[in-house]
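A quick write-up on the structure given underneath.
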Amino acid sequence: MAKNLLIVESPAKAKTIEGYLGKDFTVKSSYGHIRDLVKSEDAIDTANNFTQKYEVPADKKQVVSELKKLAKEAEMVWLASDEDREGEAISWHLFETLGLKDATTKRIVFHEITKPAILKAIDTPRKIDYNLVNAQQARRVLDRLVGFELSPVLWKKVKPSLSAGRVQSVAVRLIVDREREINKFKSEAAFKIVAIFGKGKEAFKAELAERFSKQEDAEKFLSDCIGADFDIRSLETKPAKRSPAAPFTTSTLQQEASRKLGYSVARTMQVAQKLYESGNITYMRTDSVNLSETALNAAQQEIVSAYGEKYHQHRKYKTKNASAQEAHEAIRPTYFNNHTIDGDSSEKRLYELIWKRAIASQMSEAQFEKTTAKISISSRREELTANGEVMKFDGFLKVYLESADDEEEDTQQDGENAMLPPLTKGQRLALQEMSATERFSRPPARYTEASLVKKLEELGIGRPSTYAPTISTIQNRGYVVKEEREGKIRNFRVLTLKGDAIVKENKTENTGAERGKLFPTDIGAVVNDFLVQYFNDIVDFHFTASVEKQFDEIAQGLKEWTAMLHDFYNPFHKEVQSTIETADKATGERELGAHPENGKKISVRIGRYGPFVQVGDSATEENDEKPLYASLRNGQSIETISLEEALELFKLPKVVGEYEGKVMKVAIGRFGPYISHNSAFVSLPKEIDPLDVTEEQAIELINAKRKKDAEKLIKSFDEDPEVKVLNGRWGPYIEFGKLNVKIPKDKDPLTLTYQECKALADAMPKDAKKGRFGKAASAKPAAKAPAKKKAAAKKK
DNA sequence: CAGTGAGCGAGCTTCCGCTTGACTT
């Protein structure tokens, strides 16, 4: 029996540490927090100094009972959770829940998982820091109060099941605000002048700093340049250097993996978790850019042996982030001499990124020589500028170049870093070609998942462990969608001077196309506006920073945590109550104008089933004429839809003809345009406009769909036509009414009987919840089903 | 999933931060 029990948060960490400590120590993991506030309303007694009710959640019961048993047998228990607010609270919860004794409990901390760091920690134990614990309790209680008082206000005033919180509501606000900036943005056009001098390999580009907003000015400039002399007026060469970026934190890893590998933040974290569990990288949820001494030495050794002494440069990075808690190291390879690892291709690629970034962070800077040539024009006062760059020493660029968000692509294109041929002052240049191209100013960029994380981190909102889940939450609630949207064709003008002639051309480009960007939905915008109107303090971008400051004061023992909560809660709770009493229901209603034919009012708002258009006033006692309704399509929004677009929606659904004695209708559903016929549905291909579908086309599509379905069919049954055995993308499955049932490997789909199918369908768990963080025992499954049946019965 | 847009009104939903497995139409 080991004399010592040491408890850390992560099982992978426990395994490593056990190896360092030998037989006297058993090292176990708590798997994060082991207790949480109870789910019910009475979790916090606000009238009684915010007394909390905690419970061990079902999925933690086993961990807790095992730890309890081991703690009882051990002579000394070492609480080694992370050294930050949450970690201190975990230690305290362990102390309370496991029934530990002061005399036989020690609290230790370390920032890196290396043998010397652990041994040093064991030599310098301390007690649980209750100030830090109180700061965590204040954080936990505040988040619960905000979330569980604000969300019900939304259920009453907007729609059931919505949510609000200190972190998610600000994330949504950022996206809503950005979308409105983009909608408001007025693009300005101006002509940009680019000249090409010299021939072949000696050719280079020069630009005019000024731009012309009028075409005639640009044209005048070009015509002035006909036959003009171009001389190098000045030539300046300056050394320049570039330094490597710090090694990865969670947020920078998410950003680079998104830009360079195209991973979503959730994917990045899944892959990183695997790399961590296989022992290839250090912990992946961190806000620290710090590397341990051991790591610095290992990196040095690797750089020197692979690239030479010249490439190594010892560097210490400091976090710029005030909210960072730095309980861990930066994300780095565990062994720098492993340039690649075993694993699937996504693991290999992410590992390579991490390895390069960490290695580069300890390498010397890259050195350049930047040349700027100013070129005079004999017929004009302006001058052209040519920039060239020559790399003198590659330094860290040998392994890694950080990428940038593509916000200002206009300024960095056109050979900004190209090489210049050898030039001398006073040299006369031969103009090859000069062009004036119409360019447009660009609206601010929409957020990607990763750039939203970056922004949240800058604002100090959220933590490394919550960035990915927060992004999922705001999408799951329907506040935000990640989408691809088509751009618009835009015309632009190009004037080209070649020889003595100016050629004018009209060209087109596609602009505004987006891939994988975050768009607010109407419900997201309405919820946001409601919160901004009634709870501006909470969704203020600085709210978290201001409460964090107070948590810090609590942690330093300068402030009493319940006093802080009183100061926050009393006014907040009053706001909640008065909002419930006085606020109107929020629907985002907007009047678009009058119907051009009958003058009826046309308005848009969100309803139970999403955004829709209404023509005519709602029915009242005097007015019994019913209004007409139509749902908005994907990508349309009540904020931006025009009167014309709204009227278009009433052209569908439309009867396009008859087939086999039943009508065929074209309509638009959640997944796009479709034809319905005899309770069967066929999606319309993209290239067919739903308004122009002919009877013949519709019949053709229906028959094509039937043929395809027949090919998928393996067998059907006389007992019940609703039950079929089909061939799907992932192999054969049974379609049992609306339920899809996977066929076990030991059964042959060809010989399945109806009874076997029924048995398989019955064996499916009805309450199976999807999702990574789904809780199994969250609701009584029986409660939901009858409620839905009732609603359905109601309709008839 | 699929054209609706009232309301008899039960009982439900919801936060942020720590951690992993089991699961995938």
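Lettering of chains follows the sequences in order, A, B, ..., and the numbering in each one begins at 1. Side chains are part of it too, since the values below use all heavy atoms of this structure and drop only hydrogens, waters and symmetry mates.
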- [ ] Map every base of DNA chain B to its dot-bracket character, where paired means a Watson-Crick or G-U wobble contact with both distances under 3.5 Å and | marks a partner outside the strand.
- [x] .........................
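- Atoms NZ (A:Lys665) and P (B:dT4) sit 10 Å apart, rounded to a whole Å.
- Here A:Trp155 does not lie in a stacked arrangement on the base of B:dT14, lacking the combination of planes under 30° and ring centres under 5.5 Å apart.
- Residues passing the side-chain contact (heavy atoms from CB on, under 4.5 Å) test with A:Lys68 are A:Leu98, sequence neighbours excluded.
- Classification of the A:His328-A:Tyr283 ring pair by plane angle, with boundaries at 30° and 60°, yields tilted.
- Within the 4.5 Å cutoff, side-chain heavy atoms of A:Val547 are placed close to those of A:Phe543.
- A:Glu326 is not listed as a side-chain neighbour of A:His111, based on a closest heavy-atom distance of 4.5 Å or more.
- Atom OH in A:Tyr276 sits about 11 Å away from atom C1' in B:dT20, given to the nearest Å.
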Task: side-chain hydrogen bond (donor to acceptor under 3.5 Å, both in side chains) between A:Gln136 and A:Glu88, worked out - done: CA-CA 8 Å; A:Gln136 193 273 348; A:Glu88 203 67 20; over 6 Å; no
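- Each of A:Pro11 and A:Arg605 was assigned the nucleotide of DNA chain B with the nearest heavy atom; the assignment lying further toward the 5' end belongs to A:Arg605.
- The CD1-C1' distance, from A:Ile474 to B:dC15, rounds to 15 Å in whole Å.
- For A:Lys274 and B:dC23, the NZ to P distance is 16 Å, given to the nearest whole Å.
- As a whole-Å value, the separation of A:Met269 CE from B:dG17 C1' is 13 Å.
- Take A:Glu149 and apply the side-chain contact (heavy atoms from CB on, under 4.5 Å) test, not counting sequence neighbours, and it matches A:Leu145, A:Tyr569, A:Phe572, A:His573, A:Val576.
- Annotation: side chain of A:Ser264 is in contact with side chain of A:Arg267 (closest heavy-atom distance under 4.5 Å).
- The side-chain ring of A:Tyr629 is not stacked on the base of B:dT4, judged by centre separation under 5.5 angstrom and plane angle under 30 degrees.
- Atom CG in A:Asp143 sits about 11 Å away from atom P in B:dC18, given to the nearest Å.
- Look at CD1 on A:Ile44: it is 14 Å from P on B:dC15, rounded to the nearest Å.
- With centroids closer than 5.5 Å and planes inclined by less than 30 degrees as the test, A:Tyr674 and the base of B:dA2 fail to qualify as a stacked pair.
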